[in-house]
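Comments concern the structure below.
Numbers for residues simply follow the sequence, beginning at 1.
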Amino acid sequence: MTNRRMRITTLLSTLVVLPAVGATVTAAPLRLSEAVRLALAQHPSVQQAEAQAAQAEARLRQARAAWFPTLRLAGSLYQYEEPMAAWPIHGFDLTRIPPFDETLMQGGLQIDYMLFDGGAREARVRQAGRLRDAGQAAHTNAEQRLIARVVAAYLSVRADEELVAAHERRRAAVDAERDRVAQLRAVGRAANVDVARAEAALAGADADWAQAQAALDVARRDLARLIGASPDTLMVLPVAEPAATESMDSVDVLSARVLAQSADVESARLRLVAAEAGRSAARGARWPSLNLRGAWTDLRDASGHRTDEWNAALLVGLPLFTGGAVGGAIAEADAGRNAAAEDWRLAQERAAAQLDQALALRQESRARIASLERAVASLEEVVRIEQLRLSTGSDTQAEYLRAEADLLAARAGLINARHAAVQADVELARLLGELDIAWVEHNLESNR
């Protein structure tokens with residue numbers, strides 16, 4: 001029966017782990033920092049944020065162009081039914097009558113420069129600049145969120161691997177107990193109920209192991225999607241455990257640092273500054289505009305006659321009635337500024353809540369680590385003693401199996417607590433704007 005159980009277990013392992021019959025699985029060690037680099041190089045969330053930041057940079061260049069004069073080259077070719085003057089008549093002088101022709105050509109240069117527009121141009125440049133900065137902060141925020149996701153996925157794979165190993169240790173122990181009682185029953189020293197109890201415990205261990213293997217497969221696929229790799233070639237490495245005791249700033253100091261350094265909060269703040277500049281730009285439309293214009297024109301006909309002229313102008317404009325367009329633009333800008341202000345407040349509130357959660361998780365996980373380490377050590381001793389007592393007939397099988405189950409639960413809890421502590425440190429670094437590849441290498445690589 002033992003051989004049959006081993007064959008079933010081996011088949012189940014093959015079905016869960018291998019992607020297809022005949023597939024070649026080659027696992028190569030993947031450092032956490034390398035996984036982060038792979039994700040940052042190809043993940044769409046970062047690529048999208050990078051493209052949006054480049055778009056904001058281009059808009060800033062467009063806005064700054066308003067400080068420079070514009071130079072425009074224009075030309076035209078007209079064919080008339082009747083002859084027309086090749087160039088304008090500048091007086092009632094019969095000696096200066098221009099030639100007439102059906103085909104007239106014009107070409108020239110025109111230069112325009114805005115002297116005054118009520119501050120709208122300056123406000124638009126300021127708005128585009130803050131939106132550019134907000135885009136860069138959003139890009140940083142996207143990178144940090146992706147790093148946190150990669151670390152979480154990497155930790156999930158590592159935790160599931162450790163959980164599978166813990167389940168395998170329990171399966172081995174329960175399988176050995178089943179073999180022991182089977183041998184005792186063969187010589188009449190054990191009851192059928194003891195064998196049935198061991199068989200049930202082993203079946204439960206097999207089911208739990210299969211569930212852990214399936215969870216590991218899902219975790220590997222999740223990490224593979226983030227880094228653009230094949231899940232069948234992933235092999236993660238241990239992650240450095242957080243220090244048990246580490247000095248931390250007070251909550252008030254950390255809150256101030258988060259509000260000042262969080263990329264998410266900074267992006268929202270910059271969008272608010274940009275919205276205020278946009279409101280100033282909209283209000284500039286109520287002021288008169290002053291524009292300087294100059295032009296040089298070359299005029300000729302098909303017969304080869306030509307002349308050139310120049311002109312300069314100072315243009316003043318003031319909108320008296322626009323059908324409500326100016327007022328609507330100002331109202332839209334005011335509403336956009338108010339929305340940006342509330343978005344900034346929400347970002348601050350969200351960051352404060354996330355800080356509270358990270359600190360609580362950090363404290364809780366470290367306390368659980370200390371408690372569960374003691375629990376695992378104690379339960380390992382309990383299992384050893386129960387096994388000895390069981391072999392001498394001074395204890396019941398149920399107590400031993402219960403001790404094995406308790407030890408597995410404690411080991412699983414310790415694994416989860418250790419990785420929760422790491423995730424709490426990662427989230428805290430993200431909120432403080434410190435999460436990057438260098439931080440990962442320094443704090444989480446196993447050779448720390």
Think Arg121 forms a cation-pi with Tyr113, using NZ or CZ under 6.0 Å from the six-ring centre and within 45 degrees of its axis?
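Verdict for Tyr113: a cation-pi partner in Arg121.
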
Arg271 NZ/CZ over Trp344 ring centroid, <6.0 Å and within 45° of normal:
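Judged by the rule, Arg271 and Trp344 form no cation-pi pair.
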
Are any of the side-chain nitrogens in [X] or [Y] under 4.0 Å away from the carboxylate oxygens of its partner?
X      : Y      : result
Glu404 : Arg170 : no
Glu373 : Arg418 : yes
Glu349 : Arg345 : no
Asp406 : Arg402 : no
Arg279 : Glu332 : no
Arg221 : Asp232 : no
Arg145 : Asp264 : yes
Asp133 : Arg130 : yes
Asp425 : Arg430 : no

Taking the side chain as C-beta and beyond, is there a heavy-atom pair between Asp308 and Leu299 under 4.5 Å?
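Contact flag for Asp308/Leu299 side chains = no.
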
For atom [atom1] of [X], is the number of surrounding heavy atoms from other residues, nucleotides or ligands below 6.0 Å larger than 12?
X      : atom1 : result
Arg37  : CZ    : yes
Phe116 : CZ    : yes
Glu102 : CD    : yes
Gln363 : CD    : no
Trp296 : CH2   : yes

Out of Glu380, His167, Glu162, which one pairs with Arg411 under the side-chain hydrogen bond (donor to acceptor under 3.5 Å, both in side chains) rule?
Glu380

